[in-house]
Amino acid sequence: MLLILINLNFSDPANQKGGGRKKTVSFSSMPSEKKVSSASDCISFMQAGCELKKVRPNSRIYNRFFTLDTDLLALRWEPSKKDLEKAKLDISAVKEIRLGKNTETFRNNGLADQICEDCAFSILHGENYESLDLVAHSADVANIWVSGLRYLVSRSKQPLDFMEGNQNTPRFMWLKTVFVAADVDGNGIMLEDTAVELIKQLNPTLKESKIRLKFKEIQKSKEKLTTRVTEEEFCEAFCELCTRPEVYFLLVQISKNKEYLDANDLMLFLEAEQGVTHITEDLCLDIIRRYELSEEGRMTQPLSHYYISASHNTYLTEDQFRGPADVNGYVRALKMGCRSIELDVSDGPDSEPVLCNRNNTSTQLSFRSVIEVINKFAFVASEYPLILCLGNHCSLPQQKVMAQQMRKVFGTKLYTEAPSPLEAYLPSPEKLKRMIIVKGKKLPSDSDAPEGEVTDEDEEAEISRRMSVDYNGEQKHIWLCRELSDLVSICRSVQYRDFELSLRSQNYWEVCSFSESEASRIANEYPEDFVNYNKKFLSRIYPSAMRIDSSNLNPQDFWNCGCQIVAMNFQTPGPMMDLHTGWFLQNGGCGYVLRPSVMRDEVSYFSANTKGVVPGVSPLALHIKIISGQNFPKPKGACAKGDVIDPYVCIEIHGIPADCAEQRTKTVQQNSDNPIFDETFEFQVNLPELAMIRFVVLDDDYIGDEFIGQYTIPFECLQPGYRHVPLRSFVGDVMEHVTLFVHIAITNRSGGGGKAQKRSLSVRMGKKVREYTMLRNVGLKPIDDIFKIAVHPLREAIDLRENMQNAIVSVKELCGLPPIASLKQCLLTLSSRLIASDNTPSVSLVMKDSFPYLEPLGAIPDVQKKMLAAYDLVGSDDCVSDLCMIQESRFLIEMADTVQEKIVQCQKAGMEFHEELHNLGAKEGLKGRKLNKATESFAWNITVLKTSSEA
């Protein structure tokens, strides 16, 4: 059931799958004859013993051999200067087991940075919670010790009963029921063929040969050889083959060392780990009953405020040099939610317009048949408007035919309403639902002529002319008929000149198309201007004509500039198309994604070339743990190689330049079924709204092809907690049962923003200075005087937020939790630590001024005193490191509204100068570059104030 819970947010959940080479326990680095599939397996391993590193506070690390006594009562280690009876730790003295570097010893050890987080664990013991800090040689060994010790501590009174009574666990009882149902003769034995088929029904991903081999191994260990399988052998084989150790360890952890989840365990897991809200016990019971064996926001912003899924040369299914025209190109794109498609139309025989690849005219599609297909599939994947980018190469008579056919086929779906000169922005996607918008050339509205000349905006023809030796820079003109012109309303094609001219004279219903090379030049030279231009106008980017193989441009480069319609060659798979497909998975896959507010607000500052912190936006830390993979296939293009692969995982971050990063896991040798990676990575993300994460699985020992699978997801769509990532093939198809098992956590930037302030927010910082977003000098005194007033409340806002965050981190550390732990996890752990040895609470909850304080009930150990002080002990004036969580919470709640109001008032006062900014600058003698700089600084300051007031 735990696997189902992890997969609830994906449409194609994977089944349980284990396995690997014969000498693999749980992870590839752990040799053993038997996989870990129960607590007894963990304890058997501990009794056999292994080498662990013992960490001391003085930066020293010792190698010691640790074992668990056969009577399960004590841990022992050697060599040791102590006598044998002192070089041990009684299980009865153990208070807690912590995974990771979460004790003072680890935090203060000078070599801690060289120790892997996933290999470290600590055993807290005695009344003073002393710590025995250890490091295993791999994450799987650490997991075995932690799981085994937690089980022993929780069931210290009856461990032997469990060791002898594995057959009574819920899983074994269920397996027995399955076996009995299939045992038609009721003899407690069945044919091997029947048992193999039964296991394959329970886990379709298992290979028959692997199941048969497992039965032979089990029978050989019992010195028997037969084609029949007993109930015990069936259960043993299933557990060996189908238990995923990484999931088993997680199950033991969240079930408080049981091997199943009850409703309360499930509720805490969904709330604290998976971040699910509004969970009730009844809902959890319903999930258990069903699985044991929010309305989308309306799109009311202007059309120019959205990224729009767009296709280039939609009629092609191969490359643009040789590929024939194929109507299936439109079917595929529309089914994928594409909202902007291209029709390149030329004169055809019998007065019928046609679509064809002008580099390969052997295959022609009648225009009518194409628009009939478009009409059929236009709104199958999305109800929101579809833009037809019309490439018109027809004579006047056939243009009239095109217009007639579009009116007849599309009917009332055609949007031909004239744009209102009283409006300043395009209509919203919501208003344009189920409408088809034609983008193309348009005759002047002040002329009634039945036809006229317009400039030729055809991209291929324009490039051909510019590459010609006879090209003199003059623009070509074509004739356009009134009938076709009248179909164009709010997407009139015009030529881009420069930003100054566009902002002065371009109408909001006019669209400019940019070649890839031209858009790249503008993005590099005028990134801020490009963003400002796209706040009001639609811009379309198309791939370079030099991409004769129909390869794709990087859409992220142009999304960073706010460009809405970045046309992609849908017929060409690869990393760039993965980014496009992944990006438009959000918002229900409707083909429209709202751009960040910094790209929409009339007065705001953003540069696509930002290499640091975005003004007013607090960076986030993304923590990704790659735990394991399931059922990886052999790369499709691989040759001369067996079925075994050596997989590794790359994590790519795509976004603004400051966010782009890539890291990879180790390679797991010869394991495609259940390779275990157990590696954690951290990335800083400065603008989450534009960031994407791409998981790529590759084969390190490949011949011909290394690609196994990938999945790309927007940062905003990440769900915290344990998740299965469904991998897609090279062409973008979901691969059944092929997944990555990961853990996701998102926190504020690592480090918490510096040292905490004292009670007075105005007190100067000590040695470690906190970073504050600075306001810029505009150079106009009346405006700068207003922004100076905002400096103090901005600092107060940052101090309030980061002091609160640091106070929570302090409690987490004292509870032995990593920074990625949620506040709910923190409070759950804190409550468990405040229980006396006789299972009675050592504190009481006291509500004071609506805040929950904790009051000790008698004398408590020093460790608990520190926890209470960090939480905020009633009547205590001595907070740990000046950070008391309740105290900081109270101060935040009391001050937040006042600080926010000060910032909002400064923002409003500044905005009153917006319309007069240029006039004020002219009076002060600012012009040209200086005036542009003043405008940019003004927009920067407004952006900082706005984002700070909304944080």
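We count residues from 1, following the sequence as given. It should be emphasised that the depicted structure is a prediction, and the values quoted were computed from it without experimental measurement.
Here the side chain of Asn524 pairs a donor or acceptor atom with the backbone of Ser520 at under 3.5 angstrom. In this structure, the side chain of Asn748 does not engage the main chain of Ala621 through any donor-acceptor pair within 3.5 Å. Side chain of Asn507 to main chain of Glu510: no donor-acceptor pair is present (N/O by atom type, distance under 3.5 Å, no hydrogens or angles). Checked by atom type and distance alone, the side chain of Arg595 pairs as donor or acceptor with a backbone atom of Asn534 at under 3.5 Å. Looking at Ser489, its side chain never comes within 3.5 Å of a backbone N or O of Ala418 through a donor-acceptor pair. Of the possible polar contacts, none joining the Asn569 side chain to the Asn552 backbone as a donor-acceptor pair under 3.5 Å is found. Panel note: side chain Gln564, backbone Ser539; a donor-acceptor pair is recorded below 3.5 Å. No donor-acceptor distance shorter than 3.5 angstrom exists from the side chain of Ser428 to the backbone of Pro302, with no hydrogens or angles considered. A distance-only check finds a donor-acceptor pair linking the side chain of Asp659 to the backbone of Leu687 [under 3.5 Å]. Asn587 places no side-chain N or O within donor-acceptor distance of the main-chain N or O of Gly589, the cut-off being under 3.5 Å.
Side-chain contact of Thr300 with Lys431: a donor-acceptor pair under 3.5 Å is absent, judged by distance alone. One side chain, Glu652 or His654, offers a donor N or O that lies under 3.5 Å from an acceptor on the other. No side-chain donor-acceptor contact under 3.5 Å links Lys441 and Ser485. Between the side chains of Glu936 and Asn932, no donor-acceptor pair of N or O atoms lies under 3.5 Å. Asn375 and Glu372 are not linked by any side-chain donor-acceptor pair at a separation below 3.5 angstrom, with hydrogens and angles left out of the test.
Of the listed residues (Phe537, Tyr526, Phe514, Phe530), just one forms a ring pair (Phe, Tyr, Trp, His ring centres under 6.0 Å) with Tyr496, and that residue is Phe514.
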Please report the C-alpha distance between Gln900 and Thr898 in whole Å, then the side-chain angles of each, then the deciding distance to 0.1 Å, and finally whether the side-chain hydrogen bond (donor to acceptor under 3.5 Å, both in side chains) criterion is met.
CA-CA 5 Å; Gln900 182 191 36; Thr898 302; over 6 Å; no
What verdict does the side-chain hydrogen bond (donor to acceptor under 3.5 Å, both in side chains) test give for Lys535 and Ser604, after you've listed the backbone C-alpha separation in whole Å, the side-chain angles of each residue and the deciding distance to 0.1 Å?
CA-CA 10 Å; Lys535 290 177 182 177; Ser604 61; 2.9 Å; yes
Salt bridge (charged side-chain N to carboxylate O under 4.0 Å, His left out) between Glu912 and Lys908, worked out:
CA-CA 7 Å; Glu912 291 178 1; Lys908 289 180 178 178; over 6 Å; no
Evaluate side chain to side chain contact (heavy atoms under 4.5 Å, CB included) for Phe410 paired with Ile374, printing each intermediate quantity in order.
CA-CA 9 Å; Phe410 295 140; Ile374 292 172; 4.2 Å; yes
For Val899 and Ile903, run side chain to side chain contact (heavy atoms under 4.5 Å, CB included): C-alpha distance rounded to whole Å, both residues' side-chain angles, the deciding distance at 0.1 Å, then the answer.
CA-CA 6 Å; Val899 173; Ile903 296 173; 4.2 Å; yes
Would you sort out whether Ile436 and Phe379 count as a side chain to side chain contact (heavy atoms under 4.5 Å, CB included), showing the intermediate values?
CA-CA 10 Å; Ile436 293 176; Phe379 303 108; 4.0 Å; yes
With side chain to side chain contact (heavy atoms under 4.5 Å, CB included) as the test, would you mind laying out the steps for Thr712 and Phe695 before giving the verdict?
CA-CA 6 Å; Thr712 306; Phe695 299 91; over 6 Å; no
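In Arg929, the CZ atom is not crowded: 12 or fewer heavy atoms of neighbouring residues, nucleotides or ligands sit closer than 6.0 Å. Atom CD of Glu500 is surrounded by 12 or fewer heavy atoms from other residues, nucleotides or ligands within 6.0 Å.
Asn313 has its side chain out of reach of Tyr542: every pair of non-hydrogen atoms, C-beta onward, lies at least 4.5 Å apart. In this structure, the side chains of Arg600 and Ser304 stay at 4.5 Å or more apart for every pair of heavy atoms. At least one side-chain heavy atom of Met299 sits under 4.5 Å from a side-chain heavy atom of Tyr592. Proximity of Trp583 to Pro555: side-chain heavy atoms (C-beta onward) are nowhere separated by under 4.5 Å. Proximity of Val494 to Val511: side-chain heavy atoms (C-beta onward) are nowhere separated by under 4.5 Å. Proximity of Asn392 to Leu343: side-chain heavy atoms (C-beta onward) are nowhere separated by under 4.5 Å. Using a 4.5 Å heavy-atom cutoff, the side chains of Leu390 and Leu484 are in contact. Looking at heavy atoms from C-beta onward, Met599 lies in side-chain contact with Leu690 at the 4.5 angstrom threshold.
The ring of Phe570 has its center no closer than 6.0 angstrom to the ring center of His312. For Tyr533 and Phe499, the ring centers sit closer than 6.0 Å to each other. Under the 6.0 Å cut-off for aromatic ring centres, Phe683 and His623 do not qualify, their centroids lying 6.0 Å or more apart.
Note on Arg694 versus Asp578: salt bridge recorded, some NZ/NE/NH1/NH2 to OD/OE distance being below 4.0 Å. Arg547 has a carboxylate O that lies under 4.0 Å from a charged side-chain N of Glu516, or vice versa, which qualifies the two as a salt bridge.
Annotation for Gly921 and Leu931: closest pair CA-CD1, 4.1 Å, computed over non-hydrogen atoms. When every heavy atom of Cys389 is checked against every heavy atom of Lys439, the shortest pair comes out as SG-CD, 3.7 Å. The minimum heavy-atom distance linking Leu432 with Ile490 is given by the pair CD1-CD1, 3.9 Å. Across all their heavy atoms, Tyr425 and Lys536 have their closest contact at CE2-CA, 3.8 Å. Scanning both residues, Pro527 and Ala608, for their nearest heavy atoms gives CB-N, 3.8 Å. For Ile437 against Cys491, the heavy-atom pair with the smallest separation is CG2-SG, 3.8 Å.
To the nearest 0.5 angstrom, Asn777 atom CG is 13.5 Å from Phe938 atom CZ. Going from atom CG of Leu443 over to atom CG of Leu480 covers 4.5 Å, rounded to the nearest 0.5 Å. In this structure, CD1 in Ile656 is found 9.5 Å from OG in Ser607, a value given to the nearest 0.5 Å. Taking CD1 of Ile541 as the reference point, atom OG of Ser517 lies at 10.5 Å (rounded to 0.5 Å). Distance CD1/Ile565 to OG/Ser311: 12.0 Å, rounded to 0.5 Å. Between Ile387 atom CD1 and Leu303 atom CG the span is 5.5 Å, to the nearest 0.5 Å.
Judged by a 6.0 Å distance limit and a 45° cone about the ring axis, Arg776 is positioned over the six-membered ring of Tyr605.
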